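These numbers come from a predicted model, not from an experiment. Below, chains carry the letters A, B, ... as their sequence lines are ordered, and counting in each starts from 1. Because only heavy atoms are used, hydrogens play no part in the values below, and waters and symmetry mates are left out as well, while side chains stay in.
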Amino acid sequence: MAQETQTPRLRFAPSPTGHLHIGGARTALFNWLYARQNKGTFVLRIEDTDRERSTDEYVHSIMAGMEWLQLDWNEGPLHQIDRMDLYKSYVEKLLNEGKAYKCFCTAEEIDVRKKAMLASGQKPKYDGLCRNANQNQQKPFCIRFISKPEGTTIVHDLIKGDVSFENAEMDDLVIQRTDGTPTYNFCVVIDDALMRITHIIRGDDHLNNTPRQILLYEAMGFTPAKFGHLPMILGSDKTRLSKRHGATSVLAYREMGFLPDALINFLARIGWSFGDQEIFSREELIEKFSFENVGTSGGVFNQEKLLWLNAHYLKNLDDKTLQVMVTPFLEKDGFRISPEIPMDKAIHLSKERSRTLLELSEALKFYLHQSVTIDPALKEKFLTPLAIELLRELSHQIETHSDFSETSLKAKIDEWITGKGLKLKDVAQPLRVALTGSTVSPGIFELMAVLGKEKVIQRLKAVS
RNA sequence: GCUCCCAUCGUCUAGCGGCCUAGGACGUCGCCCUCUCACGGCGAAGACCGCGGGUUCGAAUCCCGCUGGGAGCGCCA
């Protein structure tokens, strides 16, 4: 048979029992990167053999997460549930070849025996009782794969190097449940083999499963793929990242106003590095990725760094694009983009002061308000009788000033301030509070130019 | 308990035997810029390279042991 498996085929195989989470997204990313780098194929396969916990909602959510991250796939989504007959044919094959057997033990019986093993210091595993049992009993049964009693199985891992396991460590794996459905370790092997997957890149929580999968490959006459096990992403307490550590769903990061490129960049840098470089475009990632530079130890998910990266990508986006991206955040809070305010200019002023789209939307709200509400404490501190007097005077000065551009405004106000023997410092904060309701905002002249004469005068009158 | 994986600043990491009195980035703290806040610029603190043995002229880098952490040990994936 011709060996024409030169272009790699990779896959991401989530189970739809939850949303696409951070760890899964990184696994998908690394598979995707390698596939794209080598002009290979990236397959999305849904591992939904657990009918109890799998839902369509999660399938859609996972796909939405990948689409948002722009991790596009070439084949799929393929559902394992559609391939049940296929798996069963292989169960039959193994049964006929004497490589598997029916097991009539109940869960309770096994549980008792395993507990006893654990108590005596042994690794709890199925004791193989039914291997020699009468196979024609009229009782419910599951089907087990006969493990090898001796020898060593070596996993040639692309990331961890060679890892060897004693075959005696492995027990007789259930490949078909009592209800007749095949199990994960069995289905993956068949799917990966039949879909001609060349590289299986997944979390290292699967490393212990790999030797038994290799044995399954061999038993069914398949050639094992290459494996690569990624270290886990950890929470701040260095345990495997979970809900306990806060948001883990990729889509939740979209809602928090993160940019897909930032998240991709961040995810890539947990576990993978390229010298001292921190910022990578997708193209660079595809070009520079290699298993060789994937680390072997787990990495903590550091949201502060994600925030920094997000800020970086945010300020490098053009204003019009950002406007499209931030609008949903504004609308969600009941704001309507008004043509009176040049939003792109407002965004230009705030984008380097915001780390997320959410923060950006917050920074834009004051432009859109009908009137400014000022916190009493701020009012007391900044809008003193003296300040109000100044603002009133300033209001008159501006009313007759027609050119509301930033430079013209600055010239006009500077002149007025200097004429009064004051410093900009003396009026900037009261003015800022009156116009924005906050002590924090973009530069006062830029902001006034964006806000427009009418609103500026209106807001000044409201406080004086 | 058993099996497997892992171990450099608080965090992500560079380092693949001499270039390391250990480099970069995030965060932190100063200073500069300045109308506030950011951005930006400059600078500082921060790792006896988990511990102990080897190998070697020489080890963060190789080997062994220990300790610590993680994962697995499901008729979940």
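- No engagement by E359(A) is indicated, since no non-hydrogen atom pair under 4.0 Å with the nucleic acid exists.
- Nearest nucleotide to the side chain of E446(A), out of A77(B), C35(B), G24(B): C35(B).
- Checked against U36(B), A38(B), C26(B), the side chain of E352(A) finds its nearest nucleotide in A38(B).
- Residue R240(A) is classed as a sugar-phosphate contact, given heavy-atom separations below 4.0 Å to backbone atoms only.
- Of all nucleotides listed (C75(B), G23(B), A71(B)), A71(B) comes nearest to the side chain of N208(A).
- Using a 4.0 Å heavy-atom criterion, one finds that E169(A) contacts the sugar-phosphate atoms exclusively.
- Taking every side-chain heavy atom of K315(A) into account, G40(B) is the closest of G40(B), C5(B), C4(B).
- For I270(A), the listed nucleotide lying nearest its side chain is U13(B); candidates were G72(B), U3(B), U13(B).
- Within 4.0 Å (heavy atoms only), H206(A) reaches at least one base atom of the nucleic acid.
- Minimum atom distance to the side chain of R353(A) is reached by C37(B), of the listed C26(B), G70(B), C37(B).
- Within the structure, side chain to side chain donor-acceptor pair (under 3.5 Å) pairs that include any residue of residues 206-216 of chain A comprise D171(A)-R212(A), Y184(A)-H206(A), N185(A)-Q213(A), R202(A)-T210(A), R202(A)-Q213(A), T210(A)-H229(A) (at least two apart or interchain).
- Distances shown here put every side-chain N or O of T181(A) at or beyond 4.0 Å from the OP1 or OP2 atom of C75(B).
- The phosphate of A7(B) (OP1 or OP2) has a side-chain N or O of T296(A) nearer than 4.0 angstrom.
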message: For a side-chain hydrogen bond (donor to acceptor under 3.5 Å, both in side chains) check, start with the C-alpha distance between S249(A) and H21(A), then their side-chain angles and the critical distance, and finish with the verdict.
response: CA-CA 4 Å; S249(A) 156; H21(A) 56 89; over 6 Å; no
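- Listed candidates were C39(B), C26(B), U36(B). Nearest to the side chain of V440(A) is U36(B).
- Here the side chain of D204(A) is nearest to one of C5(B), A77(B), C37(B), namely C5(B).
- Side-chain atoms of K238(A) lie closest to U11(B) of the nucleotides U11(B), C6(B), C4(B).
- Taking only distance into account, the side chain of K305(A) meets the base of C12(B) through a donor-acceptor pair shorter than 3.5 Å.
- Donor-acceptor pairing under 3.5 Å, judged by distance alone, is absent between the side chain of S297(A) and the base of C6(B).
- A salt bridge between K420(A) and D426(A) is absent, with no side-chain N of the basic residue lying under 4.0 Å from a carboxylate O of the acidic one.
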Extract from the structure each pairing of a protein N or O with an N or O of nucleotides 28-32 of chain B at less than 3.5 Å, listing the distance.
none

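- Not a single donor-acceptor contact under 3.5 angstrom links the side-chain atoms of D205(A) to the base of A77(B).
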